[in-house]
Amino acid sequence: MLSSRPAPALRTPSAVRRLAPLAALLAACASTSTPAIPPARSVEIADLDARLERLSEVLEAQRAAAHVPGMAIGIVKDDELIYARGFGVADLESGRAATPDTLFAIGSATKAFTSSVIGMLVDEGRMRWDDPITAYLPEFELDIDAPNGASGAAVTLRDLLCHRTGFTRMSVLWGAGTADTDTILRAATRAEAWAPFRQSFHYNNVMYLAAGEAAARAAGMPWGELVATRVFDPLGMRDSNTSVDAAPLAQGYLWDEERSAFLPLPMRSLASIAPAGAINSNVIDMARWIRMQLARGVFAGERLVSRARIEETWTGQVEAQPGTEYGLGWFVGDWNGERVVEHGGNIDGFAALVALLP
């Protein structure tokens, strides 16, 4: 039986099988690039149309077997959305079909948006990855466990973005959705470290909240407005938003194994923890985000963020598990000798996965 009300997840392969509906699963094969940058290797795929049709059959069979009411999948190759399809329904009660335009909560796949807008501010000299978080949030002074009695160690934006502060989860601070951002950040400063500073990976949504709030202060606008202005608008992500109240989503469900029935899960407001997991989007919009990432910061001929900043977010900073590192908002691993950059997310009956093969 599924656990109810999952928090934005560390990873979601198992959640993809268990939670319903599934949000945008975006696998990307290759990209175009800007002049003076070596082009990405284009992967030629024989019988592509036939293979995509076979993929549809497999996905539909897996959707039914995994008790997923509805999902949407997109695939980008060579700066083009080559596959976008919905499966099942977005809402069991109405029977509304799930399509590539259906909005889903993407949960912790939001984190890469937060690290990317910080990268934009780094490009502009308004922030630096290794600045102390207290340069932007003076009140956010964490009581770290500095190894070997080291003095003068400071928690930086990089530390927050790669989950190596030594503080774990803190979900009790935001899970009920009743505490505001200031209350959550203030309470976090009274926590005791779980592990020594910079020694290990401990996933923590509150650290992303702090990083997002720091970016908001550096930019002089709320985090949601910053993401809309710097990412959604220039990419033409017209249907994406950062509030559960902004537009109707698909309905999230929990599969009850004992009753053999779907239980609707109400979607909570994530306003108080938004930089960690509040984005809602669809396959069409997310494909644009993928194209910009694969083009190392360029979309439709316009550079939004430097190649160096994109590559840094894709660079492992701490081991998350054997064979996988965490960068800045992305997990980085290997598949058949190829680099994989990915992040999942799940919240209140929704699961999402964004995966790149750059």
Side-chain angles (χ1 to χ4, degrees), residues 7-11 107-108 110-112 114-115 117-119 121-122 126-219 222-223 270-278 312-313 315-321 324-331 343:
L10 181 156
R11 294 174 69 88
S108 284
T110 297
K111 289 180 170 64
T114 294
S115 64
V117 295
I118 290 175
L121 298 173
V122 171
R126 300 163 81 176
M127 303 185 86
R128 295 181 298 178
W129 298 119
D130 296 308
D131 279 345
I133 183 59
T134 52
Y136 308 97
L137 304 181
E139 68 276 20
F140 194 66
E141 186 81 52
L142 293 170
D143 186 15
I144 59 173
D145 179 5
N148 302 320
S151 60
V155 176
T156 66
L157 286 169
R158 187 187 303 275
D159 296 322
L160 300 177
L161 294 172
C162 71
H163 303 294
R164 66 182 188 190
T165 62
F167 293 88
T168 192
R169 289 286 176 174
M170 298 183 176
S171 298
V172 68
L173 297 181
W174 62 267
T178 55
D180 61 25
T181 292
D182 290 342
T183 300
I184 292 170
L185 292 175
R186 186 167 57 251
T189 64
R190 298 197 293 271
E192 294 183 5
W194 182 265
F197 184 49
R198 293 181 181 161
Q199 298 301 299
S200 53
F201 172 85
H202 294 280
Y203 197 80
N204 191 317
N205 289 301
V206 174
M207 300 306 148
Y208 260 80
L209 169 61
E213 283 297 300
R217 293 192 189 182
W223 174 85
L270 297 174
S272 63
I273 197 79
E312 190 149 14
T313 64
T315 300
Q317 308 288 322
V318 62
E319 183 182 62
Q321 61 186 39
T324 302
E325 294 182 298
Y326 199 88
L328 306 177
W330 294 102
F331 288 94
H343 210 294

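All values reported here derive from a predicted model rather than from experimental measurement.
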The reported gap from CZ in R126 to OH in Y136 (rounded to nearest 0.5 angstrom) is 10.5 Å
Show your working on side-chain contact (heavy atoms from CB on, under 4.5 Å) between M207 and M170 and close with a plain yes or no. CA-CA 9 Å; M207 300 306 148; M170 298 183 176; 3.8 Å; yes
For L328 and C162, the nearest pair of non-hydrogen atoms, with its separation, is CD2-CB, 4.2 Å
To the nearest 0.5 Å, atom CG of L160 lies from atom OG1 of T165 at 7.0 Å
With a 4.5 Å limit on heavy-atom distance, are the side chains of T114 and W223 in contact? yes
Around E139, counting heavy atoms of other residues, nucleotides and ligands shown, do more than 12 lie under 6.0 Å from its CD?
-> yes
For A154 and R198, the nearest pair of non-hydrogen atoms, with its separation, is O-NH2, 3.2 Å
d(Q321 CD, F201 CZ) to nearest 0.5 Å is 8.5 Å
Check: Given side chains that start at C-beta, do those of T324 and E319 come closer than 4.5 Å, heavy atoms only?
Finding: no
- Message: So W129 and T156, do their side chains get closer than 4.5 Å, heavy atoms only?
- Response: no
| message | Given 3.5 Å as the limit, does a donor-acceptor pair link the side chain of T134 with the main chain of L137, or not? | response | no
Q.
Could you check whether atom CG of D180 has more than 12 heavy atoms from other residues, nucleotides or ligands sitting under 6.0 Å from it?
A. yes
Heavy-atom side-chain contact between L209 and W174 under 4.5 Å
no
- prompt: For E141 and R190, what are the C-alpha separation, side-chain angles and deciding distance, and is it a salt bridge (Lys or Arg N to Asp or Glu O under 4.0 Å)?
  reply: CA-CA 9 Å; E141 186 81 52; R190 298 197 293 271; over 6 Å; no
The reported gap from CZ in F140 to CD in E213 (rounded to nearest 0.5 angstrom) is 10.5 Å
Taking T110 for the side chain and G107 for the main chain, is one N or O donor matched with an acceptor at less than 3.5 Å? yes
One should read off an interatomic distance between T168 OG1 and W194 CH2, to the nearest 0.5 angstrom, of 6.5 Å
Minimal heavy-atom distance between Y208 and P275, with the atoms involved, is O-CB, 3.4 Å
Item checked: side-chain contact (heavy atoms from CB on, under 4.5 Å) between I133 and L157, worked out -> CA-CA 6 Å; I133 183 59; L157 286 169; 4.0 Å; yes
Margin query: Apply side-chain contact (heavy atoms from CB on, under 4.5 Å) to residues R128 and R158 and explain how you reach the verdict.
Written below: CA-CA 9 Å; R128 295 181 298 178; R158 187 187 303 275; over 6 Å; no
Between Y203 and H343 the two heavy atoms that sit nearest each other are OH-CE1, 3.4 Å
| task | May I ask you to decide if F167's main-chain N or O and N204's side chain share a donor-acceptor pair within less than 3.5 Å? | result | yes
Between V318 and S200 the two heavy atoms that sit nearest each other are CG2-C, 3.9 Å
query: Should L161 and I118 count as side-chain neighbours, where that means a heavy-atom distance under 4.5 Å?
result: yes
Report task. Name the orientation class of the two ring planes belonging to F331 and Y326 (parallel below 30°, tilted from 30 to 60°, perpendicular beyond 60°). Result -> perpendicular
Step by step, work out the side-chain hydrogen bond (donor to acceptor under 3.5 Å, both in side chains) result for S108 and K111.
CA-CA 6 Å; S108 284; K111 289 180 170 64; 2.8 Å; yes
Short side-chain to backbone donor-acceptor contact, Q317 and T315, under 3.5 Å:
yes
Closest heavy-atom pair, S272 versus I184, reported as atoms and distance to 0.1 Å, is OG-CD1, 3.6 Å
